[in-house]
Amino acid sequence: MDRLIVESELSATLPKTLPQLVPSSACFRCDVCCRFPEADSFLRPYFTQQEIAAAVAQGVTTASFPSAAGSQINLVQNPMGEGYLCPAFDPATNHCGIYEARPVDCQLYPLALMWDAAQERVLLGWDAKCPFMRDAVPSTIAAHAERVTSLLAADPMIETIAANPRLIGRFQDDVVVLKELPTLTARLTALRVDARLRPLTGADAPRFARALAHVLSPEALAAYAFAYHYIWTSLLPYWWMESHDTFFLFAQSPDGFFMPLLPLGSEPLSQSAGEAFELMRQWNGPSPVSRIENVMEPQKQELERVGFRCTQKGGDYLYKADALAALAGDRYKSQRALCNRVEREQIVVIEPYCASDHVGCLALYDRWATRKQGGNLDSMGRFLLEDAKVAHGRVFAEHDRVGLSGTVARLHGEIVAYTFGYWLTPQTFCVLLEVADRSISGLAQFLFRETCRAAMKRGARYINAMDDADLAGLREAKLAYRPTAVLDNWVVMRR
Ligand code: SF4
């Protein structure tokens, strides 16, 4: 059933055929394609279940497929010479008899998906057995590979390949590697470790929200929200599975799997955490990467009692919404002065984010990041900025879908600041990200106050401003807003 859904999504979201690199005129002259030296050649095209149905509808016999659920096609003897042919191929005309319905495996050619020699990474390359490519590799090969890669990276396509892992061929040293495909590698690697793992996609938001109902309270950490994790899924594969009515979320770092959240469900925590660590032990071996992050104080005590080891990390800053909306009294003197200065000297317009703001926000992010890089960032800092840009881009594109609300600040029509946040509970609003033009003194403080005021009008009693990422400057700025609490946050490991 799952696969039917996936494949109907696939046809709805992908072009009917992948773009072609080799002109048809060259294919008609070719004497290599669709012909094979042995009956059981490993290069026989692979058809998915849906592709088999389409091929059969075009006249290929069902007997050509060892399994209707997906298989390589059975070849037939070449009636006009040596070797074997794909049964859909007409040697008299050099044409594919099912061209419009030929499988993705054939559409990709002369590109090919394969594992590297160590069977660890999925690669995209071009096949040097193709006579057209051997004569002269087109100058458009890199752009073509990029286009194909972006089509292959679409969720439905990834899931189709995951359901048909034989679409990834074995390593061939006459396939010239163009690039690695890390998303596909991660998906197939996860399947290898446990077939129950599913990639976290936007469609999982309601399921995630149901699981969270077990732990949410006004003092919950900001990490107990879908958007908090989802925006990073382009950079770090996230997986989920359900077992014994409990939801397990895993993130896959280059070192292995870890849990960015507690198991969520009705099962006793000591039991579900034990189950989670047993899974991570199977997948990661004895690596210390196996851990549960963002464990809150009550759950930490429960886990400590049954022998887990807990280490504290920086917690979220929690504020009273009315205090931040008013910024009254001496203790907020400096923040209030900065807001007043913006009101006095600038005509800043605050508006809800809308889709047409995407380009302006990205341009602001680039200006903001360039300025940061000018401040002697080390290479790690630069990587973080690049990663954050990908996450912000996902927020701009999918904010509605994942429950994020955004606000932009404009000066003379140009976007000079933006912020996005979400409701952790009906009383707690979390500020997930904020970018402001630093050349406008007080703008960040002004936007933050306006965000808190808007949240308060919609019922917020608390503002959660996330943690300080262990940055001294950020810690100082967050403490200056007088949090009512810095929420405990623990990392749990097995002793
Ligand atoms: S399906 Fe068509 S393109 Fe693919 S191998 Fe058979 S004849 Fe060739």
Side-chain angles (χ1 to χ4, degrees), residues 3 7 10-11 14-114 124-135 138 141 144-145 147-148 151-152 157 160-161 163-170 172 174-176:
R3 180 153 63 203
E7 291 189 342
L10 176 68
S11 50
L14 289 177
K16 197 169 174 205
T17 52
L18 293 173
Q20 294 303 288
L21 184 64
V22 180
S24 304
S25 53
C27 290
F28 295 151
R29 287 196 306 273
C30 173
D31 58 2
V32 172
C33 249
C34 317
R35 282 154 277 211
F36 306 85
E38 312 96 20
D40 61 350
S41 167
F42 75 94
L43 295 169
R44 287 170 291 149
Y46 181 90
F47 289 64
T48 66
Q49 183 179 35
Q50 193 195 38
E51 289 167 345
I52 290 173
V56 169
Q58 299 272 317
V60 179
T61 62
T62 49
S64 298
F65 301 99
S67 164
S71 59
Q72 283 182 294
I73 199 164
N74 290 332
L75 302 179
V76 294
Q77 212 150 20
N78 183 355
M80 299 174 66
E82 290 182 353
Y84 298 84
L85 305 176
C86 170
F89 181 68
D90 179 353
T93 61
N94 248 11
H95 279 53
C96 168
I98 57 165
Y99 188 76
E100 291 302 324
R102 72 199 190 289
V104 163
D105 203 7
C106 296
Q107 290 178 40
L108 269 173
Y109 202 78
L111 298 191
L113 290 169
M114 67 173 185
L124 180 71
W126 62 267
D127 188 355
K129 291 186 278 303
C130 171
F132 177 82
M133 297 292 286
R134 248 192 342 247
D135 287 350
I141 181 85
H144 177 75
R147 232 179 120 204
V148 168
L151 295 169
L152 294 176
M157 185 57 130
T160 295
I161 296 173
N164 297 271
R166 286 173 66 191
L167 277 168
I168 315 290
R170 71 189 196 205
Q172 302 172 64
D174 56 357
V175 169
V176 181

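Read the numbers this way: they start at 1 and go in the same order the structure lists the ligands and their atoms. Along the sequence shown, residues are numbered consecutively beginning with 1.
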Revision key, fill the gap. Near atom 6 (Fe) of ligand 1 (protein N/O/S, cut-off 2.8 Å, waters excluded) we have Cys86 SG

**Study point:** Any side-chain heavy-atom pair of Leu111 and His144 under 4.5 Å
**Key:** yes

Practice item. Any chance you could lay out the side-chain contact (heavy atoms from CB on, under 4.5 Å) test for Ile161 and Val104, step after step, and finish with the verdict? Key: CA-CA 10 Å; Ile161 296 173; Val104 163; over 6 Å; no

Using residues 125-133 as the side-chain source, report each donor-acceptor pair under 3.5 Å to any protein atom, sequence neighbours left out, with the distance given to one decimal.
from, atom 1, to, atom 2, distance (Å)
Asp127, OD1, Lys129, N, 2.9
Asp127, OD1, Lys129, NZ, 3.1
Asp127, OD2, Tyr109, OH, 2.9
Lys129, NZ, Gln172, OE1, 2.8
Lys129, NZ, Asp174, OD1, 3.1
Lys129, NZ, Asp174, OD2, 3.0

Practice item. Using side chain to side chain contact (heavy atoms under 4.5 Å, CB included) as the criterion, list what pairs up with Arg166, not counting sequence neighbours. Key: Tyr46, Gln72

Point to revise | Qualifying side chain to side chain donor-acceptor pair (under 3.5 Å) pairs with a residue from residues 80-91, counting only residues at least two apart or across chains | key: Asp90-Thr93

Exercise for review: Could you tell me whether Arg134 atom CZ has more than 12 heavy atoms of other residues or ligands within 6.0 Å of it?
Suggested key: yes

